[in-house]
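Notes follow the structure.
The chain is numbered in sequence order, starting from 1. Because only heavy atoms are used, hydrogens play no part in the values below, and waters and symmetry mates are left out as well, while side chains stay in.
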Amino acid sequence: MADLKVEGEALKKLVKLGKKKRLSFAFCLGKQNDHLVVIDRRKRPEIIGKAAKSESGATKVAYGTFVMNAKTMELTCEKVVPAMAKVLKKYLKSQKVMVNVLVMDAQGNVLESDEEDLPDDPSWDVDDPADAEADDLPTAATQSNHSAADLAARIKAVQPAIAAAPADAGAKLAKVIKLAVSQIKSSDMDAADKTITALEGAAAKLGQAARPQAPADLATAAPAPDVRALAARATALKGVIADINGPAAEKLTAALGNAVKQIKAGVLETADTLLTRIEDAVNKVAAAPTDDTPSPEAAKWATAESRLQAAVDKLVQEGRGDLAAINKFFDFGKDQAAAGLYDKAMAAAARVADLIKQAAAAPEVAQGAPGNAAAYTKSRLNWVETRGGLRKDMEGLKAAIDKATSGIEGLEQVPAKSGGLLDYLNGIDTNLEDTLEQLASASDADQQENLKSAARKIIGDYRGVLDTDFFKAVDNNGFVTTNIRANALASLQQVSAALET
């Protein structure tokens, strides 16, 4: 582990590089917060994931890519580990790396997050010149912290020159524009900047080539490839390919490597042709429909979850069995399934099934018994389901906004900003469900009263969040029908009623 492990200030510098470009990472779970984080500027995620696992001996390893968005480390994962956002954030905090953590799958779906208001760190916005990456290729100069609006304006500025270009050159550059727009929509602003820089270089060459030529010659003229523009295109493609999984990524990476060799060798026409083919392939992969057919493992879990849910609901109504343990294992199984770890999810399902069998012989808890565990557990399950529904509704609203504004001039920056909708849910965290779980298993009367008081305070905090101007207006959004605030308030009222029993 000594060869790979980076800690403290060195780890902070690597995380900060994520402000400039998307990087590969691996995260290995250790014991007692002795974890391993590996960040690499060039190697593919699965490569460093295997190396980290081999070096650390860990059995649980996550890997993928990440970028820094303000103070949030946004992870796009090919593999995840349980409770990754919470565990990774805690570890980074122990290394004096104060960031929030957002975990997404390869399709950009949010799996989990651990976010809060963090204190300002004066050193975070100061870049160390020694940290600047010396890439293998000469690259065009870029700026940091690019906004979607600025990038869109730059695209518009080069479009007249490209529209007036010869047919072959114009067609190639139109594909590069499409790539830049795709990068902006995916919020990869640095990659988009590099792609647009390449476009600007090509547009400048078009202008230079056009001036000495007679109008009759323009129909067949094509600008000579520019090494800086080609290098920028290659760098942009590298970032895009990093977000592609499977055999397609390997083929594209190999093709890009060949194009880079041609650039270095000065064979620019060949490099230009290769990059155009790669751009075509990347666009096809991005446009390809996804297969929504669940895997056999996913289908098996769905069947088990449905069957167990009915049984658990019945036990909650009857007040039978160890409801706290049943709920704990069932929630764990759901979390593992959401992360794609179906073997662990099914193992948890088996444990839930055993507890349900044991509950069949357990006496029914008398209504009004101290603590009323059944009522607490039922209200907790309802709240967990409601909170999950809030996130789904907010994600649906984001998707509706993105779709409605797509392709509209002047609204190019909307997809990059609409993700902020999910931030409004940060104030509605897991504290209430955790407190209710403790309450359902508490036997001491004083402890029960303390937990009830804590739960009531949390409910008051949540209602305060739901009474803000945003939540009062969100269900009248004009894009999609939602009932976010009313559903949340109704579920909180059910919890309040259970606390009074």
- Task: Can you sort out the partners of Glu7 under salt bridge (Lys or Arg N to Asp or Glu O under 4.0 Å), two or more places apart, ordered by chain and number?
- Result: Lys5
- With respect to Leu397, which candidate in Leu421, Thr481, Leu422 satisfies the side chain to side chain contact (heavy atoms under 4.5 Å, CB included) definition? Leu421
- When you look at Lys71 and Asp120, which way does the salt bridge (charged side-chain N to carboxylate O under 4.0 Å, His left out) test go after all the steps? CA-CA 9 Å; Lys71 297 179 182 179; Asp120 292 333; 2.8 Å; yes
[X] atom [atom1]: more than 12 heavy-atom contacts under 6.0 Å:
{"X": "Lys12", "atom1": "NZ", "answer": "yes"}
{"X": "Lys334", "atom1": "NZ", "answer": "yes"}
{"X": "Lys89", "atom1": "NZ", "answer": "yes"}
{"X": "Asp343", "atom1": "CG", "answer": "yes"}

- Message: I'd like to know whether Asn100 forms a side-chain contact (heavy atoms from CB on, under 4.5 Å) with Met73, so could you lay out the CA-CA distance, the side-chain angles of the two residues, the decisive distance to 0.1 Å, and finally the verdict.
- Response: CA-CA 6 Å; Asn100 290 317; Met73 189 177 189; over 6 Å; no
Would you check if the side chain of [X] reaches a backbone N or O of [Y] as a donor-acceptor pair within less than 3.5 Å?
{"X": "Thr468", "Y": "Val465", "result": "yes"}
{"X": "Asn426", "Y": "Asp423", "result": "yes"}
{"X": "Gln336", "Y": "Ala345", "result": "no"}
{"X": "Ser306", "Y": "Ala302", "result": "no"}
{"X": "Ser491", "Y": "Asn487", "result": "no"}
{"X": "Thr72", "Y": "Met68", "result": "no"}
{"X": "His35", "Y": "Leu29", "result": "no"}

- Shortest non-hydrogen pair, Ile48 vs Ala26, comes out as CD1-N, 3.7 Å
[X] [atom1] to [Y] [atom2] distance, which is reported to the nearest 0.5 Å:
{"X": "Arg44", "Y": "Thr65", "atom1": "CZ", "atom2": "OG1", "value": "13.5 Å"}
{"X": "Arg485", "Y": "Leu390", "atom1": "CZ", "atom2": "CG", "value": "12.5 Å"}
{"X": "Met394", "Y": "Lys398", "atom1": "CE", "atom2": "NZ", "value": "12.5 Å"}
{"X": "Lys79", "Y": "Lys60", "atom1": "NZ", "atom2": "NZ", "value": "13.0 Å"}
{"X": "Ile459", "Y": "Thr435", "atom1": "CD1", "atom2": "OG1", "value": "9.5 Å"}

- Flag this pair as yes if the NZ/CZ of Lys472 is under 6.0 angstrom from the six-membered ring centre of Phe470 and inside a 45 degree cone about the axis; otherwise no. no
- Message: Could you check whether Arg351 makes a cation-pi contact with Phe329, meaning its NZ or CZ is under 6.0 Å from the centre of the six-membered ring and within 45° of the ring axis?
- Response: yes
- Message: With a 4.5 Å cut-off on side-chain heavy atoms, are Glu112 and Val101 touching?
- Response: no
- Using a 4.5 Å cut-off on heavy atoms from C-beta on, say whether the side chain of Val103 contacts that of Val110. no
- Show your working on side-chain contact (heavy atoms from CB on, under 4.5 Å) between Val81 and Leu88 and close with a plain yes or no. CA-CA 10 Å; Val81 295; Leu88 177 56; over 6 Å; no
- Check the pair Leu23 / Phe66 against side-chain contact (heavy atoms from CB on, under 4.5 Å), numbers first and verdict last. CA-CA 6 Å; Leu23 302 173; Phe66 81 93; 3.7 Å; yes
- Message: Walk me through whether Lys19 and Val67 qualify under side-chain contact (heavy atoms from CB on, under 4.5 Å).
- Response: CA-CA 6 Å; Lys19 296 191 297 180; Val67 293; over 6 Å; no
- Message: Classify the ring geometry of Tyr462 against Trp383: parallel below 30°, tilted from 30° to 60°, perpendicular beyond 60°.
- Response: parallel
- Would you check, one step at a time, whether the test salt bridge (charged side-chain N to carboxylate O under 4.0 Å, His left out) holds for Lys300 with Glu305? CA-CA 9 Å; Lys300 185 177 180 181; Glu305 180 185 19; over 6 Å; no
- Do Gln309 and Lys314 have a side chain donor and acceptor closer than 3.5 Å? no
- Does the side chain of Asp475 pick up a donor-acceptor pair with the side chain of Thr482 at under 3.5 Å? yes
- Go through the steps to decide whether Lys457 and Asp461 satisfy the test salt bridge (charged side-chain N to carboxylate O under 4.0 Å, His left out), and finish with yes or no. CA-CA 6 Å; Lys457 182 181 183 304; Asp461 292 341; 3.3 Å; yes
- State which residues pass side-chain hydrogen bond (donor to acceptor under 3.5 Å, both in side chains) with Asp40; sequence neighbours excluded, sorted by chain then number. none
- Does the salt bridge (charged side-chain N to carboxylate O under 4.0 Å, His left out) test come out yes or no for Glu433 and Arg387, once each step is laid out? CA-CA 10 Å; Glu433 57 205 67; Arg387 202 169 72 85; 3.0 Å; yes
